[in-house]
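A short worksheet on the structure shown next.
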2 protein chains.
Amino acid sequence: MIERANELRQRGLRLTPQRELVLRAVRELGHATPEEVAESVRKSHPGINLSTIYRNLETLENVGLVKHAHLGHGGATYHAADEAGHLHLVCEDCGSVGDAPLESAANFVANLIGDYGFETDVTHFAIYGTCANCSKK
Amino acid sequence: MIERANELRQRGLRLTPQRELVLRAVRELGHATPEEVAESVRKSHPGINLSTIYRNLETLENVGLVKHAHLGHGGATYHAADEAGHLHLVCEDCGSVGDAPLESAANFVANLIGDYGFETDVTHFAIYGTCANCSKK
DNA sequence: TGCCACTTGCAAATAGCTTGCAGTACTTCA
DNA sequence: TGAAGTACTGCAAGCTATTTGCAAGTGGCA
Ligand SMILES: [Mn+2]
Ligand SMILES: [Mn+2]
Ligand SMILES: [Zn+2]
Ligand SMILES: [Zn+2]
């Protein structure tokens, strides 16, 4: 369910079955590409079109229910907005995606504000590098 | 000139006019997309094909003369390898790209190694946020 | 119940990048 | 220096991810 269905209606937007399915899929999947969202949604609603997925992800993001992040060289992935508050540690070797709390970066963020007045959103792009496993080899 | 033309030949690669033009363009432009490199190169060599640009960027990256980074939602941008050692502060509002020294992140990088054994390359993806100018508004 | 702006599915278009191929041009080695 | 081998290039076609136009469908309020 979308608790904030109001947020949609207040903007003149509607709560369609497709829109709700897209949101549910994003919530269940954690980090999902549009393609993965489509695959998930189609289990219960096979006819849904990819363009509908893209349009709804955009709409849900505008309303603030969903956010996107960039975890690799390719396209974006989507999160539920309320679980978006973590870093993504992406391994360039094995491709694994680890999470880390925002506090790991608190210091860094403070540096950039102090030195450049730059307010960082550390969650939007991946933190790229080599994971512990791959470093050993 | 490519001082390390040897590095190419040692690998059985050749130093063609196109390859040299691509490297020169990357060096002059600072942060350039393949499309921008093409545009620049075509000023003196109009016939050069985009696929030649892509293939040479890849080759030059394999040899270690250029590197790519991801500064926005779209494609990659290329640097000369020797000026790649800095953070990219990308403003989500105005799109400006500021540079910051690696030291700004030294602390952060140390945290991630300590806590997760994760070795970060902070230069590969942009640091995303709001620049000083845009924050004021 | 009826209207109407918002949505959807579908097809076509676009953007960015990659690949196959045949001709060109370096390099190496008699 | 000429032949042979391999790298490189331009061009056209192909791909993948995403966007757009449009006509038909529908949620939500009167
Ligand atoms: Mn990359
Ligand atoms: Mn983004
Ligand atoms: Zn790894
Ligand atoms: Zn800005």
Side-chain angles (χ1 to χ4, degrees), chain A residues 1-2 4-26 31-42 44-63 65-66 68-78, chain B residues 2 4-26 31-42 44-63 65-78:
Chain A
M1 262 291 153
I2 299 185
R4 299 184 245 172
N6 318 316
E7 289 199 27
L8 289 172
R9 284 190 218 116
Q10 285 167 6
R11 303 200 189 195
L13 303 175
R14 292 172 190 174
L15 182 49
T16 64
Q18 290 91 334
R19 191 161 284 167
E20 204 162 352
L21 285 163
V22 167
L23 180 59
R24 179 171 10 236
V26 169
H31 298 132
T33 63
E35 202 63 61
E36 290 164 343
V37 171
E39 191 187 341
S40 168
V41 166
R42 281 174 179 153
S44 63
H45 189 297
I48 197 169
N49 195 275
L50 241 196
S51 63
T52 300
I53 304 280
Y54 277 98
R55 288 190 277 223
N56 276 322
L57 286 170
E58 190 182 354
T59 300
L60 291 169
E61 186 157 27
N62 288 337
V63 175
L65 289 167
V66 157
H68 77 266
H70 303 273
L71 303 190
H73 301 187
T77 67
Y78 289 81
Chain B
I2 299 184
R4 300 185 245 172
N6 317 318
E7 290 198 26
L8 289 170
R9 288 198 209 107
Q10 284 167 6
R11 304 202 188 194
L13 302 174
R14 292 171 191 174
L15 182 50
T16 64
Q18 290 91 335
R19 190 161 285 166
E20 202 161 354
L21 285 163
V22 167
L23 180 59
R24 180 173 7 238
V26 169
H31 299 133
T33 63
E35 204 59 64
E36 290 164 342
V37 171
E39 192 187 340
S40 168
V41 167
R42 281 175 178 152
S44 63
H45 189 295
I48 198 169
N49 195 274
L50 241 197
S51 63
T52 301
I53 305 280
Y54 277 99
R55 288 191 276 224
N56 276 322
L57 286 171
E58 189 182 354
T59 300
L60 291 169
E61 186 157 27
N62 288 337
V63 175
L65 289 167
V66 310
K67 284 182 185 291
H68 77 267
H70 304 274
L71 303 190
H73 303 187
T77 66
Y78 288 80

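Below, chain A is the first sequence line, B the second, and so on; all start at residue 1. The figures that follow rest on heavy atoms only: side chains count, while hydrogens, waters and symmetry mates do not. Keep in mind it's a predicted model, so treat the numbers as computed, not measured.
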Could you write out each protein N or O paired with an N or O of nucleotides 4-6 of chain D at a distance under 3.5 Å?
| unit_1 | atom_1 | unit_2 | atom_2 | d |
| --- | --- | --- | --- | --- |
| D:dT6 | O2 | B:Arg14 | NH1 | 3.3 |
| D:dT6 | O2 | B:Arg14 | NH2 | 3.0 |

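- Note: A:His70 and B:His73 have tilted aromatic rings, judged against thresholds of 30 and 60 degrees for the angle between ring planes.
- In terms of position along DNA chain C, the nucleotide closest to B:Ala76 lies nearer the 5' end than the nucleotide closest to the other residue of the pair B:Ala76 and B:Arg55.
- Among the protein residues, A:Gly74 comes within range of no part of the nucleic acid, since none of its heavy atoms lies under 4.0 Å from any strand.
- Dashed line: the shortest gap from a side-chain N or O of B:Gln18 to OP1 or OP2 of D:dG10 is under 4.0 Å.
- Rounding to whole angstrom units, CG of residue B:Leu50 and P of C:dT14 are separated by 18 Å.
- D:dA17 atom P lies 15 Å from atom CG of A:Leu71, rounded to whole Å.
- One atom, CG of A:Leu15, and another, C1' of D:dT26, lie 13 Å apart when rounded to the nearest Å.
- You'll find the side chain of B:Glu35 reaches within 4.5 Å of the side chain of B:Leu50, heavy atoms only.
- In this structure, the nucleotide among C:dT7, D:dG10, C:dG9 sitting nearest to the side chain of A:Ile48 is C:dG9.
- Here the straight-line distance linking atom CZ of B:Arg14 with atom CZ of B:Arg9 works out to 11.0 Å at 0.5 Å rounding.
- Taking atom CD of residue B:Gln10 and atom P of nucleotide C:dC26, one finds them 21 Å apart after rounding to whole Å.
- Looking at A:Gln18, its side chain never comes within 3.5 Å of a backbone N or O of A:Ile48 through a donor-acceptor pair.
- Rounded to a whole Å, the CD atom of A:Glu35 is 13 Å from the P atom of D:dT19.
- Counting only distance, with no hydrogens or angles, the side chain of B:Thr59 and the backbone of B:Arg55 share a donor-acceptor pair below 3.5 Å.
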Would B:Val26 and B:Leu57 count as a side chain to side chain contact (heavy atoms under 4.5 Å, CB included) here? Give the steps. CA-CA 9 Å; B:Val26 169; B:Leu57 286 171; 3.7 Å; yes
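- A sub-4.0 Å separation between OP1 or OP2 of C:dT8 and a side-chain N or O of A:Asn56 is present.
- Of the two residues contacting DNA chain D, namely B:Leu13 and A:Gly75, the nearest-nucleotide position lying further toward the 5' end is that of B:Leu13.
- Screening A:Thr52, A:Val37, A:Val41 against A:Leu21 for a side-chain contact (heavy atoms from CB on, under 4.5 Å) leaves a single residue, A:Val41.
- A sub-4.0 Å separation between OP1 or OP2 of C:dG9 and a side-chain N or O of A:Thr52 is present.
- Nearest to the side-chain atoms of A:Tyr54 among the listed nucleotides D:dA17, D:dG10, C:dG9 stands D:dA17.
- Atom CG in A:Leu57 sits roughly 15 Å away from atom C1' in C:dT8 (whole-Å rounding).
- A straight line from CG of A:Leu21 to P of D:dG27 spans 13 Å, rounded to a whole angstrom.
- To the nearest 0.5 Å, the span separating OG1 on B:Thr77 from CG on B:Leu71 amounts to 3.5 Å.
- Atom CZ in B:Arg11 sits roughly 12 Å away from atom P in D:dC8 (whole-Å rounding).
- When each of C:dT8, D:dT9, D:dG27 is scored by its nearest atom to the side-chain atoms of A:Pro17, the top-ranked nucleotide is D:dG27.
- Judged by distance alone with a 3.5 Å cut-off, no donor-acceptor contact links the side chain of A:Arg9 to the base of D:dG27.
- For D:dG27, the base has no donor-acceptor partner in the side chain of A:Arg19 [N/O atoms by modelled type, under 3.5 angstrom].
- Heavy atoms of B:His73 sit nowhere under 4.0 angstrom from any nucleic acid atom.
- One finds no side-chain N or O of A:Ser51 lying less than 4.0 angstrom from the OP1 or OP2 phosphate oxygen of C:dT8.
- Looking at heavy-atom distances under 4.0 Å, B:Thr33 makes no contact with the nucleic acid at all.
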